[in-house]
Protein chains: 2
Amino acid sequence: MPHANGPVPVGDFVTGAIASITRLIRDQDLKPGDRLPAEAALSEQLQVSRTVIREALRSLAALRLVDLGAGKRPTVAQLDDASVALMIEHGVSTEQIDIQQIYDVRRTIEARTAALAALRRTEAEALLVLGHAQAMERAFGDPVEIMEHDLAFHIAIARASRNPVFALIIGAFQGVTRQTWPIGWKSRTNDDERRAMNALHVELAQAILAGDPQIAAALMNRHFDQSIKALLTAGLV
Amino acid sequence: MPHANGPVPVGDFVTGAIASITRLIRDQDLKPGDRLPAEAALSEQLQVSRTVIREALRSLAALRLVDLGAGKRPTVAQLDDASVALMIEHGVSTEQIDIQQIYDVRRTIEARTAALAALRRTEAEALLVLGHAQAMERAFGDPVEIMEHDLAFHIAIARASRNPVFALIIGAFQGVTRQTWPIGWKSRTNDDERRAMNALHVELAQAILAGDPQIAAALMNRHFDQSIKALLTAGLV
DNA sequence: TTACCAAACCTGTAATACAGCTTTTGCCAA
DNA sequence: TTGGCAAAAGCTGTATTACAGGTTTGGTAA
């Protein structure tokens, strides 16, 4: 017999509980790692059954607002791209988003992350980016390894941009990219084209190391021009 | 006594159920609106209790991969920015993201949506954008109404870009923007500045109507330059 | 054929039970 | 006094049962 008095919040109890718990995090100014009340306590505070509280906490865990663990109280969680990735992959699989649209978003954002990385990167970050670019060249015979270094290269640039929102978005696209990358690779039919792509990555890394945002952004745009062209040549997906 | 035999999937049962249900959507090629099996059926198929199935479905509902409703079977859902918005707001409230970073993302993306909108907008979309810009001018004495038309203006441009990922991201920022917009408005201390801002919106709308992507993007960049400067003047947040 | 109604189906919420994991408490030994 | 350890308390994960109330389906009557 929950909410004995007072107006029931819009929607069902779980929706209300989600709102209450997020408000609790905000109002008490909780930070990642901080512990929330136990399920039983929340159940009593909000006057709903533990069932409702659990479904609300699971919802928040799916969005990565909280972390759950057996025996442990719920804790406030850190931003994480996994849940955005799930949404994006769902959008693609249900044909609400197509691959070309994702590449357009990536191009738009990554031209910016490349420029920001050139301005803000630490020495270590620049060398990490360069390391992945060089690893791509070294792994020439092994497409899967090239792809993994390529993905790591782009993530490293996004991190070096010092804007977690960019890193979140680019990270969320990795799952989809992993599925389409081989298509672009195969459509580059001769080794020269493939070596050129790897070389472009090294150049970009060097522009970031040199701290030149204009050149970095221009090279990133060039990279995406070529990638999108390669995907279109292959009939996209 | 679930999973009587066979290896238990990584993590807990709920995590496994989430994976199974998303795989089911993908493998059966379900589209938005299509119905999933009932909770009882899923419970039997996956050999876990209805409790687990419900928590998994709630998780997917939180991510907006499925829609739930009393008496109704779960259905595959359409992309929606509300869940991304929750994540972003959480990131801001836990100080993992700051407002300036969000404005940088917006500027990056919206310069692109403005250009794309100029290229792809329908007549109706262009007039909708222009309508909101003009409504901002007409509502001059009422900041809240100006803000709402401003938000609608940017969303309308994102939609007209014909890339749902851009619209998703911009939509997700609206909640946060609604909280910070008044700060920028107040920091524009004289009416001339404020009228100039409104006029810039009208100009931008006209560039989109005229189909000029270069000018549209340039005006959007100018708009964000001014907005970010206004927020910085106000000490940001 | 269409409108309507009842039955079947399904979800939302609650309550209880217990296994197993984590944190705290409190004691004992050095 | 301090350090370590073990017992106890606390908490979550899962299962089960029950029922109210919403939705869908199928058939009947007009």
Side-chain angles (χ1 to χ4, degrees), chain A residues 1-21 24-25 30 32-77, chain B residues 1-21 24-25 30 32-77:
Chain A
M1 216 171 303
H3 287 292
N5 56 4
V8 172
V10 303
D12 51 356
F13 292 173
V14 175
T15 306
I18 291 173
S20 297
I21 295 169
L24 188 152
I25 293 174
L30 301 182
D34 289 351
R35 290 195 302 180
L36 274 64
E39 292 176 3
L42 288 169
S43 168
E44 198 170 351
Q45 280 173 39
L46 306 182
Q47 290 286 297
V48 293
S49 73
R50 201 185 140 208
T51 306
V52 168
I53 296 297
R54 279 190 61 76
E55 291 186 11
L57 285 172
R58 279 287 181 196
S59 297
L60 294 173
L63 296 169
R64 299 301 184 102
L65 304 211
V66 306
D67 282 331
L68 304 178
K72 292 198 281 219
R73 300 246 296 269
T75 56
V76 175
Chain B
M1 215 171 302
H3 286 293
N5 55 6
V8 172
V10 304
D12 52 356
F13 292 171
V14 175
T15 306
I18 291 172
S20 297
I21 295 169
L24 187 151
I25 294 174
L30 300 182
D34 289 351
R35 291 196 302 181
L36 273 64
E39 291 174 3
L42 287 169
S43 167
E44 198 170 350
Q45 280 173 40
L46 306 183
Q47 290 286 297
V48 293
S49 73
R50 200 184 143 210
T51 306
V52 169
I53 296 296
R54 279 190 61 77
E55 291 186 11
L57 285 172
R58 279 289 182 195
S59 298
L60 294 173
L63 296 169
R64 299 300 183 101
L65 303 212
V66 306
D67 282 331
L68 303 179
K72 291 198 282 220
R73 300 245 297 269
T75 56
V76 175

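Note that CG of Leu68(A) and CG of Leu36(A) are 9.5 Å apart. Values are rounded to the nearest 0.5 Å. The structure places CG of Leu65(B) at 11.5 Å from OG1 of Thr75(B), a figure rounded to the nearest 0.5 Å. Taken to the nearest 0.5 Å, the CG atom of Leu24(B) stands 6.5 Å off from the CG atom of Leu30(B). If you take CG on Leu57(B) and CG on Asp67(B), they are separated by 11.5 Å, rounding to the nearest 0.5 Å. Atom CZ of Arg73(A) and atom CG of Asp34(A) lie 11.0 Å apart (nearest 0.5 Å). Taking OG1 of Thr51(A) as the reference point, atom CZ of Arg54(B) lies at 8.5 Å (rounded to 0.5 Å).
Taking atom CG of Leu36(B) as the reference point, atom C1' of dT11(C) lies 14 Å away to the nearest angstrom. To the nearest angstrom, P of dA15(C) lies 12 Å from CD of Glu44(A). As rounded to whole Å, 13 Å separates atom C1' of dA14(C) from atom CD of Gln47(A). With rounding to whole Å, Phe13(A) atom CZ is found 18 Å from dT11(C) atom P. Between Leu42(A) atom CG and dG10(D) atom P the separation is 17 Å, expressed in whole Å. The distance from atom CG of Asp67(A) to atom P of dT22(C) is 14 Å, rounded to the nearest whole Å.
Remark: Glu44(A) CD is loosely packed, at most 12 non-hydrogen atoms of other residues, nucleotides or ligands lying under 6.0 Å away.
Considering only the side chain of Ser49(B), dT14(D) comes nearest among dC10(C), dA14(C), dT14(D). Which of dA14(C), dT12(D), dC10(C) sits closest to the side chain of Ala38(B) comes down to dC10(C). Here dT11(C) is the nucleotide among dA14(C), dT11(C), dT14(D) with the atom lying nearest to any side-chain atom of Glu39(B).
Side-chain N or O atoms of Ser59(A) include none that pairs as donor or acceptor with a backbone N or O of Ser59(B) at under 3.5 Å.
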Contact letters for nucleotides 18-25 of chain D, in which S counts primed atoms plus P, OP1 and OP2 and B counts the base, heavy atoms under 4.0 Å: B---BSSS
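For Pro37(B) and Thr51(A), each mapped to the nucleotide of DNA chain C holding its nearest heavy atom, the one lying further toward the 5' end belongs to Pro37(B).
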Stepwise side chain to side chain contact (heavy atoms under 4.5 Å, CB included) test for Val76(A) and Val66(A): CA-CA 4 Å; Val76(A) 175; Val66(A) 306; 5.6 Å; no
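DNA chain D lies under 4.0 Å from at least one heavy atom of each of the following residues of residues 52-62 of chain A: Arg54(A), Arg58(A).
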